[in-house]
Amino acid sequence: MTDKAEQIAALCREIDECAYQVYATLSSVSHDLALKDFWNRMSCEECRHVNFWKSLEASHVSRGMIHLLSDADHTLRELTIARDHALQLTDQSKDIPDLKGAFVLAYQMEFYLLHPAYELFFHLVPHSSEVTSPESEYDAHIAGFTEMLQKHEDLSPELRLLGDTLQQLWEQNRKLAVQSSHDQLTGLHNRRGFEVIAPQIAHLAVRNKQLISIIMLDLDNFKRLNDNKGHDAGDLALKRAASVIKHSVRASDLTARYGGEEFVILLANVETSTAGDISEKIRCAIEERCKDYGITASIGFVTGKVTGKVEDFCSSMMKKADTAMYSVKKSIKNSVAEYDPKTMAC
């Protein structure tokens with residue numbers, strides 16, 4: 001069954017397909033060689049964006065992203081309306097009276113392409129190498145369009161304003177995408193971001209026949225720190241621990257503040273011994289870097305081959321790593337434990 005996130009992705013693809021057709025038409029009817037080349041480049045870029053959405057649909061990577069949409073039904077309604085308007089623009093592009101009209105129509109098309117749902121998908125998908133996100137090139141896409149509007153602002157002073165509006169909208173959407181999936185204090189992913197991206201990595205591990213590891217980490221003595229030195233000191237300790245975690249793993253690994261003083265890490269393509277070594281490295285670094293705050297870390301981890309339904313597997317691995325972590329937390333603290341099914345029950 002297609003979930004709402006996949007329906008949203010399909011609507012985004014349909015709007016990008018309209019944009020591709022609009023720019024291809026504008027290129028075909030333009031007599032100015034520079035403008036013909038510009039519209040053609042815009043069309044080629046939209047073609048790549050269409051391929052992104054098709055790859056996304058084929059891989060089902062978008063499943064689970066629904067958790068980051070505050071109102072999926074509202075987003076579906078907005079994008080359905082935008083798709084219908086984009087279809088109208090496709091028809092209008094065949095009979096544009098002048099250059100100013102072409103730019104205004106293109107601006108309308110770009111406005112629909114800057115719905116926040118686009119950047120949300122662009123931002124989260126790079127964790128899966130199965131699909132190449134257009135996010136990194138979209139700055140240039142918007143900048144190129146804005147620059148061309150400015151070159152022709154003699155047609156109408158409003159053209160420069162249109163370009164500035166698009167630039168601001170794109171930057172705002174990038175901030176919203178980061179805020180929805182990241183923890184503001186530490187800069188790591190938040191729980192929702194982790195739960196969306198983890199299945200992407202697990203799906204890729206299935207395809208590449210790789211193991212994955214989950215590491216759960218809880219800061220020891222954190223409540224005492226807050227009680228004795230205040231929440232400002234607690235925030236600084238959290239930021240320092242997050243920095244240790246981020247710099248102890250690869251850029252491709254997934255790190256998140258899971259809640260309160262608890263962190264989670266997903267490692268792909270690692271052996272059990274490697275996960276243990278990384279866990280111990282993090283424990284030692286936190287003990288050293290956070291000694292001013294009296295903070296240490298209790299860590300649990302588990303490594304396994306992805307089996308069954310990916311989402312269920314990730315949930316099971318989280319519970320196992322969590323169980324291992326609390327086995328340490330309840331005993332000696334400031335230590336690392338691997339999940340052992342013989343002695344630990346989820």
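Residues: numbered from 1 along the sequence shown. Quick note: numbers below take in every heavy atom, side chains included, and nothing from hydrogens, waters or symmetry partners.
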Taking only Lys NZ, Arg NE, NH1 and NH2, and the carboxylate oxygens of Asp or Glu, determine whether [X] and [Y] approach each other closer than 4.0 Å.
| X | Y | answer |
| --- | --- | --- |
| R174 | D139 | yes |
| R283 | E287 | yes |
| R224 | D227 | no |
| D220 | K333 | no |

Kindly state each residue pair satisfying salt bridge (charged side-chain N to carboxylate O under 4.0 Å, His left out) with at least one member in [range], sequence neighbours excluded.
| range | answer |
| --- | --- |
| residues 140-150 | E147-K151 |
| residues 74-90 | E14-R83 |
| residues 294-306 | none |

Hydrophobic clusters join Ile, Leu, Val, Met, Phe, Trp and Tyr when side-chain heavy atoms are under 4.5 Å apart, directly or via other members; which others share one with [X]?
| X | result |
| --- | --- |
| L236 | L185, L188, I215, L217, L219, F222, L225, L238, V244, I245, V249, F263, I265, L267, V270, I278, I282, I286, Y293, I295, I299, F301, V336 |
| V104 | none |
| L211 | none |
| L33 | none |

Pairing residues for [X] by the salt bridge (Lys or Arg N to Asp or Glu O under 4.0 Å) criterion, not counting sequence neighbours:
| X | result |
| --- | --- |
| E110 | none |
| R48 | E137 |
| K54 | none |

Handout entry: With sequence neighbours excluded, residues passing side-chain contact (heavy atoms from CB on, under 4.5 Å) with T165
Key =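 side-chain contact (heavy atoms from CB on, under 4.5 Å) list for T165, sorted by chain: Y107, L161.
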
Exercise for the section: Under the side-chain contact (heavy atoms from CB on, under 4.5 Å) rule, collect the residues that match up with D37, sequence neighbours excluded. Expected result: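 Once residues adjacent in sequence are excluded, the partners of D37 under the side-chain contact (heavy atoms from CB on, under 4.5 Å) criterion are R41.
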
Practice task
Decide whether T274 and D277 meet the rule of one side-chain donor and one side-chain acceptor closer than 3.5 Å.
Solution key: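 Not at all, the side chains of T274 and D277 share no donor-acceptor pair under 3.5 Å.
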
